[in-house]
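Working notes, structure below.
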Amino acid sequence: MEKQEISDGAGIPQRKITLVSSPVRAVIRMRKKIRTLKNGCLQLDISGKRSTDSPKSAFRQTSADKCKSSNFEKPTIFKFDSPTLAEVSLNHQPRKSKRKKSRPVLYPGNARKYLPVEQKSKAKRCLILFILIVGFQILNAIENLDDNVLKYDLEGLEKTLKRDVFGQQTAVAKIMDHLKDYLATHYHNKPLVVSLNGPSGVGKSLMGRLLAKHFRSVMDNDFILQYYVLHNCPKSSDVALCQAELSNLISDMISRAEIEEKIPIFIFDEMEAMSPPLLDVLQGFFQLNQTNEYLNAVYVLISNLGGSEITNYVLKNVTNSINTVEHDLCQIVWSILKGHHSIWKVAEIVPFVLLEQKHVMSCFLDELLQEGFYPDKEKIKNLAEELNYYTVNGTKYSTTGCKEVVGRVNLLHPIHRHIDLRTA
């Protein structure tokens, strides 16, 4: 009994050792087998033959045949076979990416094709209506501009100035440009101030008279003011009284013109004789911070300021182009006017140049016709030769313009007069 118990007690630990060591032994056997297979496969040549020197050649040959018989196919189950060199080299080669084939486009057969039905959009109709409304308003605005230009007959004024003002084509064109731009509409953000400057006798006062005469013919006389400084406010008069009268004249005329939707014209001659207090009153109407009716007005300022500078420049720059002369003269006159008074800061400068002898002869012809004399060319030439001239590069410029023409014609003897056109 004791021996049996001892044998039973001794068998228990032996059974435990067997249970623990059996997995280890299985792993060891599998590792030996894997090592054997690896050694057999690695000793193969590229042709697949094995050297016969090593033992157990039959077993290794069998394992090699198994490696070759796989044909590089992936096993469906896990195997402990190691790949050959040929398989390893083939597995490491770059594989070409397969391009995805585009799907075939299926075209309809002989079935009849129909365009999609276009649904009418309300937004499109609204857009067309909006475009028509805007176009109609633009057309109406253009017609209103044309109506304003026709109302003042600016084309007729331009023809008159070109016919009666001699030798000042550039000045006439510049004045007409300012008037056309300003009189095209009735609403403005500032009044139009034009300054006519030049030596005596070149047509500045004539230009003012023609402007006044034309606008009186297309508007009432109540909207045209011709103000001669030496006549309306001479030096001996009360300056305060002149200030009040001038302010009332301008305010009343602007108020009446605003009611009838017309633009008044103010022409001031002999501005070089206007006193500084009177200039200050006039400058108050040129400001921008006023009611709308005071912004709708045209002011023409006529003076001899800058006349001597214009004469000197023209005589020294006879060969210069017209555009260059006009630009330089505006700069010269501007520098003189701003030193005289600040009223000219907002003015558009229009310089008048010297008149040539042919322009003086045109003045004589026009005056002789007005007085009823025959237009004798030889007599006109003799009258023109009696005046004084500046001579530069063979061109004669009158020292007094056409200022002495009227006096010379009045001195003609009555026997030379054929008929008086004013009394006929």
- request: Could you tell me if the ring centre of Tyr299 sits under 6.0 Å from that of Phe286?
  value: yes
- prompt: Backbone N or O of Pro277 within a donor-acceptor pair of the Gln243 side chain at under 3.5 Å?
  reply: yes
query: Given side chains that start at C-beta, do those of Glu356 and Val360 come closer than 4.5 Å, heavy atoms only?
result: no
statement: Nearest heavy-atom contact between Lys204 and Pro199 is NZ-O, 2.7 Å
query: Would you call the rings of Phe268 and Phe266 parallel, tilted or perpendicular if under 30° counts as parallel and over 60° as perpendicular?
result: parallel
- prompt: Looking at side-chain heavy atoms only, is the closest gap between Ile265 and Leu225 below 4.5 Å?
  reply: no
His327 atom NE2, over 12 foreign heavy atoms within 6.0 Å: no
field: Any Arg25 side-chain heavy atom under 4.5 Å of Arg29 side chain
entry: yes
- request: Side-chain contact test, heavy atoms from C-beta onward, threshold under 4.5 Å: evaluate it for Lys180 versus Met176 and give yes or no.
  value: yes
field: Closest approach of Val353 to Gly167 (non-hydrogen atoms, all atoms of both residues)
entry: CG2-O, 4.0 Å
- request: Mark yes or no for whether Glu404, through its side chain, and Leu387, through its backbone, hold a donor-acceptor pair below 3.5 Å.
  value: no
- prompt: So which heavy atom on Phe223 is nearest to which on Met253, and how close?
  reply: C-SD, 3.6 Å
message: Would the distance check show the side chain of Glu348 and the main-chain N or O of His178 forming a donor-acceptor pair, the cut-off being under 3.5 Å?
response: no
task: I would like to know whether Glu155 and Lys159 meet salt bridge (charged side-chain N to carboxylate O under 4.0 Å, His left out); could you show each step before the answer?
output: CA-CA 6 Å; Glu155 291 184 0; Lys159 292 179 181 179; 5.6 Å; no
field: Atom pair OH (Tyr389) and NZ (Lys396), whose distance is rounded to the nearest 0.5 Å
entry: 7.5 Å
task: Could you check Asn189 against Leu288 for side-chain contact (heavy atoms from CB on, under 4.5 Å), going step by step and ending with a plain yes or no?
output: CA-CA 7 Å; Asn189 56 2; Leu288 302 180; over 6 Å; no
- prompt: Run the side-chain contact (heavy atoms from CB on, under 4.5 Å) check on Glu309 and Ile336 step by step: do they pass?
  reply: CA-CA 9 Å; Glu309 288 77 8; Ile336 295 170; 3.2 Å; yes
message: Applying side-chain contact (heavy atoms from CB on, under 4.5 Å), can you list everything that pairs with Ser217, at least two apart in sequence or on another chain?
response: His214
query: Do the side chains of Lys162 and Gln169 get nearer than 4.5 Å, heavy atoms only?
result: no
- prompt: Is the closest side-chain heavy-atom distance between Leu301 and Leu282 below 4.5 Å?
  reply: yes
task: State, yes or no, whether a side-chain contact exists between Pro191 and Asn296 at a heavy-atom distance under 4.5 Å.
output: no
query: Distance from Tyr152 atom OH to Leu179 atom CG, nearest 0.5 Å?
result: 11.0 Å
query: Would you say the side-chain atoms of Ser362 pair up with the backbone N or O of Lys358, donor to acceptor, closer than 3.5 Å?
result: yes
field: Test item: Glu270 side-chain N/O and Leu230 main-chain N/O as donor-acceptor pair under 3.5 Å
entry: yes
Test side-chain contact (heavy atoms from CB on, under 4.5 Å) applied to Tyr313 and Val325, step by step: CA-CA 8 Å; Tyr313 179 86; Val325 170; 3.9 Å; yes
message: Restricting to non-hydrogen atoms, name the atom on Pro264 and the atom on Ile254 that form the minimum distance, rounded to 0.1 Å.
response: CG-CG1, 4.2 Å
- request: Please tell me if the side chains of Phe166 and Val202 come closer than 4.5 Å, counting only heavy atoms from C-beta onward.
  value: no
message: Donor-acceptor check, side chain of His341 to backbone of Leu279, threshold 3.5 angstrom: yes or no?
response: no
query: So how far is it from Glu367 CD to Phe373 CZ, rounded to the nearest 0.5 Å?
result: 9.5 Å
field: Worked check of side chain to side chain donor-acceptor pair (under 3.5 Å) between Ser195 and Asn197
entry: CA-CA 6 Å; Ser195 179; Asn197 298 87; 2.5 Å; yes
- prompt: How long is the gap from CG on Asp269 to OG on Ser205, to the nearest 0.5 Å?
  reply: 3.5 Å
- prompt: Is there a donor-acceptor pair closer than 3.5 Å between any side-chain N or O of Asp153 and the backbone N or O of Gly156?
  reply: yes
- line: For Cys402 and His359 the tightest heavy-atom approach is SG-O, 4.1 Å
- request: Apply side chain to side chain donor-acceptor pair (under 3.5 Å) to Ser200 and Asn304, showing your working.
  value: CA-CA 6 Å; Ser200 179; Asn304 294 332; 5.0 Å; no
- request: Verify, without hydrogens or angle tests, whether Ser335 (side chain) and Ile332 (backbone) share a donor-acceptor contact under 3.5 angstrom.
  value: yes
- prompt: Would you find a donor on one side and an acceptor on the other, under 3.5 Å apart, between the side chain of Gln287 and the backbone of Gln283?
  reply: yes
message: Minimum heavy-atom separation for Ile263 and His188, please, with both atom names.
response: CD1-CE1, 3.6 Å
statement: d(Ile267 CD1, Met207 CE) to nearest 0.5 Å is 10.5 Å
From CG (Leu211) to CZ (Phe215), nearest 0.5 Å: 6.0 Å
field: Residues Thr395, Tyr390; criterion side-chain contact (heavy atoms from CB on, under 4.5 Å); working and verdict
entry: CA-CA 8 Å; Thr395 305; Tyr390 303 108; over 6 Å; no
- prompt: Charged N to carboxylate O below 4.0 Å: is that the case for Arg256 and Glu260?
  reply: no
- prompt: More than 12 heavy atoms of other residues, nucleotides or ligands under 6.0 Å from NZ of Lys174: is that the case?
  reply: yes
query: For Asp366 and Gln370, what are the C-alpha separation, side-chain angles and deciding distance, and is it a side chain to side chain donor-acceptor pair (under 3.5 Å)?
result: CA-CA 6 Å; Asp366 184 67; Gln370 290 185 16; 3.0 Å; yes
- prompt: So, does Ser398 use its side chain to make a donor-acceptor pair with the main chain of Leu355 at under 3.5 Å?
  reply: no
